[in-house]
Amino acid sequence: MTQLKLYDTYERQVRELIPLKDNDVGLYACGPTVYNYVHIGNLRTYIFEDLLRRTIVHAGFNLKHVMNITDVGHLTSDADSGEDKMEVGSRRSGMSAWEMAEFYADSFKEDLQRLNILPPDIWCKATDHIKEQIAFVEDLEAKNYTYKTSDGIYFDSRKLNSYGYLARLDVEGLQAGARVEQGERRFVTDFALWKFSSPDEQRQMEWESPWGVGFPGWHIECSAMSARYLGDYFDIHCGGKDHIPIHHTNEIAQTEASRGTRLANFWMHGYFLQMEESKMSKSSGDFLRLQSLIDEGFSSLAYRYFCLTAHYRSELSFSWESLKANDTALNRLYEAAFSWGDPTTISEAYMTRFVEHLYEDLNVPRALAVAWELARSDEPDGVKKATLLAFDEIFGLDIAEWEPAQIDIPDEVLNLVSAREEARSQKDWGKADAVREEIRNLGFEVEDSREGPKIKPL
RNA sequence: GGCUGGGUGGCAGAGUGGUUAUGCAGCGGUCUGCAACACCGUUUACGCCGGUUCAAUUCCGACCCCAGCCUCCA
């Protein structure tokens with residue numbers, strides 16, 4: 001049997017996934033901060049995680065997939081100097097922080113569904129786990145890894161020799177090149193575990209703690225919640241690559257200091273979607289949502305397919321042209337698969353090639369190339385269909401469900417089509433072409449296939 | 001400026017020390033009254049300069065450019 005190999009950012013190498021315990025694989029994925037809609041770049045990362053979890057299940061492991069919702073504490077600056085994004089978002093949206101959290105979390109879940117991204121086994125919200133986070137900070141305090149400033153409790157990163165290993169941080173270089181105010185922090189890489197509510201401003205989200213009224217820092221939620229649901233040391237932790245230098249680095253530091261482990265056996269990161277012009281920046285408010293693509297006439301699965309064409313560890317350049325190209329490809333695949341009829345038996349030869357690529361650190365682009373070779377091969381239709389449907393367990397493109405769109409064609413157009421058939425049977429090409437032009441003016445295109453005329457909306 | 005990655009044909013994107021995916025577009029063809037659809041075939045490539053090697057796009061070094069983090073971001 002083929003081994004499932006994955007790239008681990010911590011070791012910077014591809015190695016076999018061997019569960020820490022029995023046949024069980026614990027997977028923790030960093031979810032969104034729900035202060036706004038997610039954009040298509042965010043969604044690329046969740047598509048990667050979906051491919052990962054489908055592959056883990058395909059390889060025969062028992063999966064426990066946990067995803068958090070950050071609904072408090074993520075500041076507008078990772079240097080712990082900015083405002084809470086939730087409070088800022090609340091002012092912008094006119095909703096309370098609590099209402100807004102629910103609104104954007106629901107919107108996020110809807111996007112996942114539209115992209116055939118399977119939901120995690122457990123959703124967990126930071127605000128539902130304040131106790132666990134306080135307990136975690138207390139433990140760090142007892143172990144002498146914290147210090148207090150006027151605005152919060154901070155993690156003393158210099159007490160950990162291994163700090164920054166995940167990102168291969170040059171800590172001294174960071175100190176030298178620092179461009180931000182350190183405030184009362186003792187060192188650039190120190191970070192907030194608990195922030196005090198400001199006396200000047202009434203926060204919507206705040207809690208009592210041993211250190212006073214306030215709210216948890218951003219990083220502590222992941223250490224606390226992953227420990228609660230998956231244990232102190234679990235199999236895979238993933239997120240976007242931008243989390244490597246700060247968020248994940250800090251999670252590792254907290255857990256290492258408190259529990260003496262490095263948190264996860266594998267650290268996996270999805271790379272960015274690259275925009276043509278501007279950056280895919282959420283804070284500027286100018287970003288593409290899944291809905292933006294749908295508004296332009298693309299299906300959500302066309303975007304999923306587009307993401308399958310690039311390896312998760314390479315940047316992918318987004319452009320409308322490129323999305324269009326892949327939309328065309330996907331529709332050809334759908335139509336071909338539909339025309340093959342009922343599935344019969346799976347081709348072992350193609351399946352083997354597919355799995356080899358998939359298990360080699362999720363080489364989905366290669367796996368997709370195998371699908372196309374299969375589609376254009378001499379295999380019997382039933383075999384093609386059965387094999388492609390098996391591939392689709394991973395691709396998640398709903399190939400089995402696809403059927404040609406049913407469109408309403410006005411009687412006027414149908415009459416014209418009949419009139420044109422009449423003219424064609426009499427070889428009156430001039431009239432046939434004139435009628436076709438008339439039909440075009442009504443918004444429909446006629447194509448003469450072997451089975452008779454086909455009508456499509458323009 | 002510091003650190004971490006990356007630069008492949010018209011576009012997107014795999015991969016490899018010598019046989020060079022895949023998709024879209026283009027071109028040629030089959031089909032068709034014509035067109036379209038579909039299918040078949042097919043051209044253009046590895047940022048720049050050195051080095052190692054029988055052989056480098058693939059390994060090493062310098063340079064240029066791009067991205068991420070250090071300031072909001074998956």
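Proteins get letters first, then strands, A, B, ... in listed order; numbering begins at 1 in each.
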**Message:** Run A/Arg289 and A/His39 through side-chain hydrogen bond (donor to acceptor under 3.5 Å, both in side chains) and show every step you take.
**Reply:** CA-CA 4 Å; A/Arg289 291 203 274 141; A/His39 57 57; over 6 Å; no
Under 4.0 Å between a side-chain nitrogen and a carboxylate oxygen: does that hold for [X] and [Y]?
{"X": "A/Glu360", "Y": "A/Lys5", "result": "yes"}
{"X": "A/Arg440", "Y": "A/Glu437", "result": "yes"}
{"X": "A/Asp106", "Y": "A/Lys109", "result": "no"}
{"X": "A/Asp84", "Y": "A/Arg203", "result": "yes"}
{"X": "A/Glu373", "Y": "A/Arg353", "result": "yes"}
{"X": "A/Arg424", "Y": "A/Asp433", "result": "no"}
{"X": "A/Lys241", "Y": "A/Glu315", "result": "yes"}

**Fill in**
Output field dot_bracket for RNA chain B (Watson-Crick or G-U, both distances under 3.5 Å, | for other-strand pairs) contains (((((((..(((.....[...))).(((((.......)))))....(.(((..]....))).))))))))....
Rounding to the closest angstrom, what is the interatomic distance between [N] and [M] at atom [atom1]?
{"N": "B/U57", "M": "B/G7", "atom1": "C1'", "result": "12 Å"}
{"N": "B/C49", "M": "B/C64", "atom1": "P", "result": "15 Å"}
{"N": "B/U43", "M": "B/C27", "atom1": "P", "result": "16 Å"}

**Message:** Classify A/Glu315 by what it touches in the nucleic acid, base, sugar-phosphate, or nothing, heavy-atom distance under 4.0 Å.
**Reply:**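 Counting heavy atoms under 4.0 Å across all strands, the contact made by A/Glu315 is with sugar-phosphate only.
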**Request:** Would you classify A/Ala325 as touching base, sugar-phosphate or nothing, given that sugar-phosphate means primed atoms plus P, OP1 and OP2, and contacts are heavy atoms under 4.0 Å?
**Result:** sugar-phosphate
Below 4.0 angstrom from OP1 or OP2 of [N], is there any side-chain N or O of [X]?
{"X": "A/Ser314", "N": "B/A14", "result": "yes"}
{"X": "A/Arg376", "N": "B/G23", "result": "yes"}
{"X": "A/Asn42", "N": "B/C73", "result": "no"}
{"X": "A/Ser317", "N": "B/G13", "result": "yes"}

Take atom [atom1] of [X] and atom [atom2] of [N], then tell me their distance rounded to the nearest Å.
{"X": "A/Trp372", "N": "B/C39", "atom1": "CH2", "atom2": "P", "value": "8 Å"}
{"X": "A/His247", "N": "B/G68", "atom1": "NE2", "atom2": "C1'", "value": "16 Å"}
{"X": "A/Leu374", "N": "B/A21", "atom1": "CG", "atom2": "P", "value": "19 Å"}
{"X": "A/Tyr271", "N": "B/G6", "atom1": "OH", "atom2": "C1'", "value": "9 Å"}
{"X": "A/Leu333", "N": "B/C24", "atom1": "CG", "atom2": "C1'", "value": "14 Å"}
{"X": "A/Leu166", "N": "B/C3", "atom1": "CG", "atom2": "P", "value": "18 Å"}
{"X": "A/Ile246", "N": "B/G2", "atom1": "CD1", "atom2": "P", "value": "19 Å"}
{"X": "A/Ile455", "N": "B/A35", "atom1": "CD1", "atom2": "C1'", "value": "16 Å"}

Can you tell me which nucleotide in [options] comes closest to the side chain of [X]?
{"X": "A/Phe272", "options": "B/A21, B/G23, B/G68", "result": "B/G68"}
{"X": "A/Arg366", "options": "B/C24, B/G15, B/G13", "result": "B/G15"}
{"X": "A/Arg168", "options": "B/C73, B/U4, B/A12", "result": "B/U4"}

Is there a donor and acceptor pair, one atom on the side chain of [X] and one on the base of [N], closer than 3.5 Å?
{"X": "A/Asp448", "N": "B/C37", "result": "no"}
{"X": "A/Arg420", "N": "B/G33", "result": "yes"}
{"X": "A/Asp433", "N": "B/G33", "result": "yes"}
{"X": "A/Arg332", "N": "B/A38", "result": "no"}

